[in-house]
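Single-structure report; data block below.
In what follows, residues are counted from 1 in the order of the sequence shown.
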Amino acid sequence: MRLLIGTYTDIALAPSTSKGVYLYDLDSTTLQATCLDCVQVKNPSWVAASHGNAFTLSECGDQSWLHSIAIDGNTLRLASSKKSPGDDPCHCVALNGMLYSANYSSGSITAVKVNDDGTLGETIQNLHFHEHSTSPRQLTAHLHNMAVSPCGDLMAASNLGGDCIYLMRINGDGTIATLHTLHTTSGSGPRHLTWNNDGTRLYLITELTNEVMAFALDGNRLVHMQTLTAEAEKGHGAAHIHIHPSGKWLYASVRVVNNGIAMFGINGDGTLERKAFYPTGTHPRHFAITPCGSLLLNACRDKNAIELYRINNDGTLAYLAGHDIGLGMPVCITLL
């Protein structure tokens, strides 16, 4: 199993030993990880992959860039770079010959064409949003995450600054158009999103209140179903959310105050039931689950390591001590 790992290479919080995007091989039997290659780019905080290519971004304020990376066997090669039309892109999605990026500081989503050779082409859309909210981190719109529905025709996007989720149609030409704006609780700070397997339910983790919210898709609208806290008490600093391939369980990571992963059971109607909370290494910013559903890989930024957890048959997690992948400030894991 091969992994693409995005890292922070240059941030004010602490020095990092990482250089960019890494390609690793993880032996699924021995759990031995081997670094195969690295392509040097600054602050590649998210990595997407599509049709033998990887796409990343340099999250660097108004000097941010978008990059395409060719994957040739066990090697990586920087194929093209393009100045980002938005400031501080923090998430990207590669889909149907397009690269979409969510721009945190600009409050926008950018759509860039991907050429047949995998290089980045022209910008065809730079869609700005203006909703903002009440807390000091919400004075302007901050687009944070995009989730494409399983059928591929809808995109949900979170605005941390505006306490809202946008449900958008993906048009045939690659542009996007807003169908519905759903407002969340004031001051919640929507961060990451994930659809269930059949695209009828959408789940959200809020960064500023550590809440997990469930929504039903009703035509071209999202309807709120439920809100639970990721921990026993409301906190702040939540990061990522993901559903197990079986569709039975949902996991959400929490940082800053406490560090851990919350586990929820998914009921038949899509509502959630809190099951457990597992303490982890410091600052679990992102995690990935293997397609077979047996492993959870947890990127702990401030531990400078990726932790491995076995996912048991009942969805519970077991930390596999001694199998951490040591790497400076890992912040994104993409499975190839």
Check whether any side-chain N or O of [X] sits under 3.5 Å from a backbone N or O of [Y] as a donor-acceptor pair, and report yes or no.
{"X": "Thr178", "Y": "Met168", "result": "no"}
{"X": "Asn196", "Y": "Arg201", "result": "yes"}
{"X": "Thr290", "Y": "Leu295", "result": "yes"}
{"X": "Asn74", "Y": "Leu36", "result": "no"}
{"X": "Asp117", "Y": "Thr119", "result": "yes"}
{"X": "Asp88", "Y": "Ser105", "result": "no"}
{"X": "His244", "Y": "Gly293", "result": "yes"}

Donor-acceptor pair between Glu211 and Thr209 side chains, under 3.5 angstrom: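 Yes.
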With hydrophobic residues grouped by side-chain heavy-atom distances under 4.5 Å, do Leu179 and Leu202 end up in a single group?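 Yes, Leu179 and Leu202 fall within the same hydrophobic cluster.
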Summary of salt bridge (Lys or Arg N to Asp or Glu O under 4.0 Å) pairs that have at least one residue in residues 314-336, sequence neighbours excluded: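 For residues 314-336, and leaving out neighbouring residues, the salt bridge (Lys or Arg N to Asp or Glu O under 4.0 Å) pairs sorted by first residue read Lys303-Asp324.
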May I have all residue pairs that pass salt bridge (Lys or Arg N to Asp or Glu O under 4.0 Å) and include part of residues 40-69, sequence neighbours excluded?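 Checked against salt bridge (Lys or Arg N to Asp or Glu O under 4.0 Å) - neighbours excluded - the pairs reaching residues 40-69 are Asp10-Lys42.
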Are side-chain heavy atoms of Met146 and Ile109 found at a separation under 4.5 Å?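 Yes, side chains in contact.
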With a 4.5 Å heavy-atom cut-off, do Met329 and Ile11 have their side chains touching?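 Yes; the side chains approach each other to less than 4.5 Å.
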So which heavy atom on Asn53 is nearest to which on Ile71, and how close?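 Taking Asn53 first and Ile71 second, the nearest heavy atoms are C-CD1, 4.0 Å.
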Which heavy atom of Ser58 sits nearest a heavy atom of Val41, and at what distance?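 Smallest heavy-atom distance, with atoms named: OG-CB, 4.2 Å.
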Fit a plane to each ring of Tyr24 and Tyr22, take the angle between them on a 0 to 90° scale, and name the class: parallel (under 30°), tilted (30 to 60°) or perpendicular (over 60°).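 Ring orientation of Tyr24 relative to Tyr22: tilted.
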Rounded distance (nearest 0.5 Å) linking atom NE2 of His242 with atom OH of Tyr251: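 Those atoms lie 10.0 Å apart.
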How long is the gap from CG on Leu335 to CD1 on Ile289, to the nearest 0.5 Å?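 If we round to the nearest 0.5 Å, Leu335:CG and Ile289:CD1 are 9.5 Å apart.
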Could you check, using the six-membered ring where one of them is a Trp, whether [X] and [Y] have ring centers closer than 6.0 angstrom?
{"X": "His144", "Y": "Tyr104", "answer": "yes"}
{"X": "His224", "Y": "Phe215", "answer": "yes"}
{"X": "His192", "Y": "Trp46", "answer": "yes"}

Extract all donor-acceptor atom pairs below 3.5 Å that involve side chains of residues 155-162 and protein atoms in other chains or at least two apart in sequence.
residue : atom : partner : partner atom : Å
Ser158  : OG   : Asn145  : N            : 3.2
Ser158  : OG   : Arg191  : O            : 2.6
Asn159  : OD1  : His142  : N            : 2.9
Asn159  : OD1  : Gly161  : N            : 3.0
Asn159  : OD1  : Gly162  : N            : 2.8
Asn159  : ND2  : Glu131  : O            : 3.3
Asn159  : ND2  : Tyr166  : OH           : 3.0

